[in-house]
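Just below is one structure, and these are the notes that go with it.
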Amino acid sequence: MSTLPEAGADLLGSNSLRLPCIADWCADVEDPSDLPALLSFARERSLPLHVLGGGSNVLLPEHLHGLVLRMRNRGIALLEDSATRRVIRAAAGEPWHPFVLHCHARGWYGFENLALIPGTVGAAPIQNIGAYGVELERFVLEVRGMDLHTGLPRVLDAAACAFSYRDSIFKGGLAGAFLITEVLFAVPADPVPCTGYAALAAELAHCPDPGHADVLSAVMSIRRRRLPDPAVLPNAGSFFKNPVIAAEEFERLLLAEPEVAHWRQSDGRVKLAAAWLVERCGWKGRRDAGAGVHEAQALVLVNHGGATAGALLDLAARIRDSVHERFGVTLELEPVPL
Ligand code: EPU
């Protein structure tokens, strides 16, 4: 191992909510060949392991027991460039948005709808990042990493990742058991720009035949307008998932709330805009103990300064209760509490 883990590491600057957190131990993994030694270090001291990418989808406690591995390995390579597809390999530690720009600049199109999402390449498959009509799962060919129980390398193909809306096996059966070191993506050689998402279509209304560059700049404009920049106002993106409910439940809700924002799913169920539900309950722009609801996007909780994970979870619990009381719908947390 090239460097020893740091004891009593301050993780305030390593999470996009800027929650105060001291970890027992923390190491930056620049080279995955250091992992076996780091795993032994943890095993010898009976330390639980925690893996951090950009820290943009986690809720860190004030004291984190165990060894934190911050993935910092880099590298992007084009492995295949055929008439039908391009295969791209990217290291887990690559920051996501620069990866999108890197691909776009080389004509490896497809990722434009996912521009400006905070975090890293390695974290992206865990919650199957998605935005403006595209979810990551459509491009994932393989996720490569290490089985944390055996210390052996392991490769999962897309089917084995069990992707669904903001979910995957890495949050389910393999939670805490698999460390992602790199991801292989396959994008079509000549993808059709994806412009169907209502907010994106509206942004592109002036553009008669939008190309990939138009989609990229439209997505970046919408996000800059609607979502707070974590570097300016600390946040972890959407704090709740958009709930998906049964058709009968939706018909009942629609009678009471004819304007409820929703998307019908191919399986007959209906996805609701959690932001709409939260806003209707009067939470938009409210703040308490440093934790607040963003003024332009009711699904985003922010740290106005001095908030802890506890303060955010308290606020989230009150929001969940009021949404449940008014609409009978249960909101699920999106960031992962460690
Ligand atoms: N809306 C409101 N009030 C608000 C914001 C939105 O009523 O304050 C309603 C509007 O009717 C709007 C609808 O909600 O049409 C959807 O809003 P938006 O397009 O902003 O998307 P979202 O459902 O709130 C989801 C993702 C975002 C992603 C956007 C765009 C989840 C949990 N969130 O948000 O992802 O960027 O769609 O695709 O699925 C994230 O996961 O961290 C994230 C930011």
Side-chain angles (χ1 to χ4, degrees), residues 15-17 53-59 96-97 100 111-120 123-138 163-168 171 194-204 215-216 218-230 233-245 253-254 257-265 269-286 292-302 312 316 319-320 323 326-327 329-336:
N15 75 102
S16 67
L17 271 162
S56 55
N57 201 45
V58 287
L59 288 168
W96 177 259
H97 177 64
V100 171
F111 298 108
E112 287 71 16
N113 300 57
L114 305 177
L116 279 184
I117 296 181
T120 56
I126 298 175
Q127 55 154 331
N128 185 19
I129 57 169
Y132 305 100
V134 172
E135 283 181 325
L136 188 77
E137 62 175 290
R138 74 161 79 176
F163 291 120
S164 62
Y165 167 62
R166 289 296 189 280
D167 204 9
S168 73
K171 279 173 103 172
C194 188
T195 57
Y197 192 88
L200 181 57
E203 191 78 14
L204 289 165
V215 173
L216 180 68
V219 166
M220 289 175 64
S221 306
I222 305 171
R223 289 192 78 99
R224 290 202 164 114
R225 228 168 33 235
R226 297 292 299 273
L227 295 165
D229 177 354
L233 185 55
N235 72 87
S238 301
F239 214 83
F240 300 103
K241 292 189 198 181
N242 284 329
V244 183
I245 63 173
L253 179 64
L254 196 60
E257 305 283 346
E259 286 167 26
V260 62
H262 65 278
W263 301 270
R264 292 189 187 270
Q265 307 293 290
R269 296 188 304 157
V270 183
K271 190 189 271 185
L272 304 176
W276 190 92
L277 304 172
V278 173
E279 182 172 351
R280 280 301 156 113
C281 289
W283 288 102
K284 204 167 182 172
R286 276 171 64 175
V293 180
H294 186 49
E295 284 167 4
Q297 225 299 1
L299 209 45
V300 177
L301 300 196
V302 298
L312 280 157
I319 293 172
R320 276 184 89 194
V323 166
R326 175 154 174 195
F327 300 109
V329 173
T330 306
L331 295 181
E332 257 180 67
L333 224 59
E334 219 281 290
V336 180

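We count ligands from 1, going down the list as the structure has it; atoms in each ligand are counted the same way. Please read all numbers here as calculations on a predicted model, not as lab measurements.
In this view, Arg280 and Glu259 satisfy the salt bridge (charged side-chain N to carboxylate O under 4.0 Å, His left out) rule, not counting sequence neighbours. Scored by the side-chain hydrogen bond (donor to acceptor under 3.5 Å, both in side chains) test, Glu137 finds Asn128 as partners (sequence neighbours excluded). Listed by chain and residue number, Trp283, Ser322, Val323, Arg326, Phe327 satisfy the side-chain contact (heavy atoms from CB on, under 4.5 Å) test with Cys281 (two or more places apart in sequence, or in another chain).
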Please tabulate protein-ligand N/O pairs under 3.5 Å for ligand 1, atom names and distances to 0.1 Å.
{"from": "ligand 1", "atom 1": "3 (N)", "to": "Glu279", "atom 2": "OE1", "distance (Å)": "2.5"}
{"from": "ligand 1", "atom 1": "7 (O)", "to": "Glu279", "atom 2": "OE1", "distance (Å)": "3.4"}
{"from": "ligand 1", "atom 1": "8 (O)", "to": "Glu279", "atom 2": "OE1", "distance (Å)": "3.3"}
{"from": "ligand 1", "atom 1": "8 (O)", "to": "Lys284", "atom 2": "NZ", "distance (Å)": "2.9"}
{"from": "ligand 1", "atom 1": "8 (O)", "to": "Ala298", "atom 2": "N", "distance (Å)": "2.9"}
{"from": "ligand 1", "atom 1": "19 (O)", "to": "Tyr197", "atom 2": "OH", "distance (Å)": "2.7"}
{"from": "ligand 1", "atom 1": "20 (O)", "to": "Gln297", "atom 2": "NE2", "distance (Å)": "2.9"}
{"from": "ligand 1", "atom 1": "21 (O)", "to": "Tyr197", "atom 2": "OH", "distance (Å)": "3.2"}
{"from": "ligand 1", "atom 1": "23 (O)", "to": "Asn242", "atom 2": "ND2", "distance (Å)": "2.8"}
{"from": "ligand 1", "atom 1": "24 (O)", "to": "Gln297", "atom 2": "NE2", "distance (Å)": "2.7"}
{"from": "ligand 1", "atom 1": "33 (N)", "to": "Ser238", "atom 2": "OG", "distance (Å)": "2.9"}
{"from": "ligand 1", "atom 1": "35 (O)", "to": "Arg166", "atom 2": "NH2", "distance (Å)": "2.9"}
{"from": "ligand 1", "atom 1": "36 (O)", "to": "Arg223", "atom 2": "NH1", "distance (Å)": "3.4"}
{"from": "ligand 1", "atom 1": "38 (O)", "to": "Tyr132", "atom 2": "N", "distance (Å)": "2.6"}
{"from": "ligand 1", "atom 1": "39 (O)", "to": "Tyr165", "atom 2": "OH", "distance (Å)": "2.7"}
{"from": "ligand 1", "atom 1": "39 (O)", "to": "Arg166", "atom 2": "NH2", "distance (Å)": "3.3"}
{"from": "ligand 1", "atom 1": "41 (O)", "to": "Arg166", "atom 2": "NE", "distance (Å)": "3.0"}
{"from": "ligand 1", "atom 1": "41 (O)", "to": "Arg166", "atom 2": "NH2", "distance (Å)": "2.8"}
{"from": "ligand 1", "atom 1": "42 (O)", "to": "Ser238", "atom 2": "N", "distance (Å)": "2.8"}

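At distances below 3.5 Å, not a single donor-acceptor pair connects side-chain atoms of Arg286 with backbone N or O atoms of Val293.
Taking all atoms of both residues into account, the shortest heavy-atom contact from Thr120 to Gly53 is OG1-CA, 3.6 Å.
Partner of Leu17 under the side chain to side chain contact (heavy atoms under 4.5 Å, CB included) criterion, out of Asn57, Val58, Leu59, Leu301: Leu59 alone.
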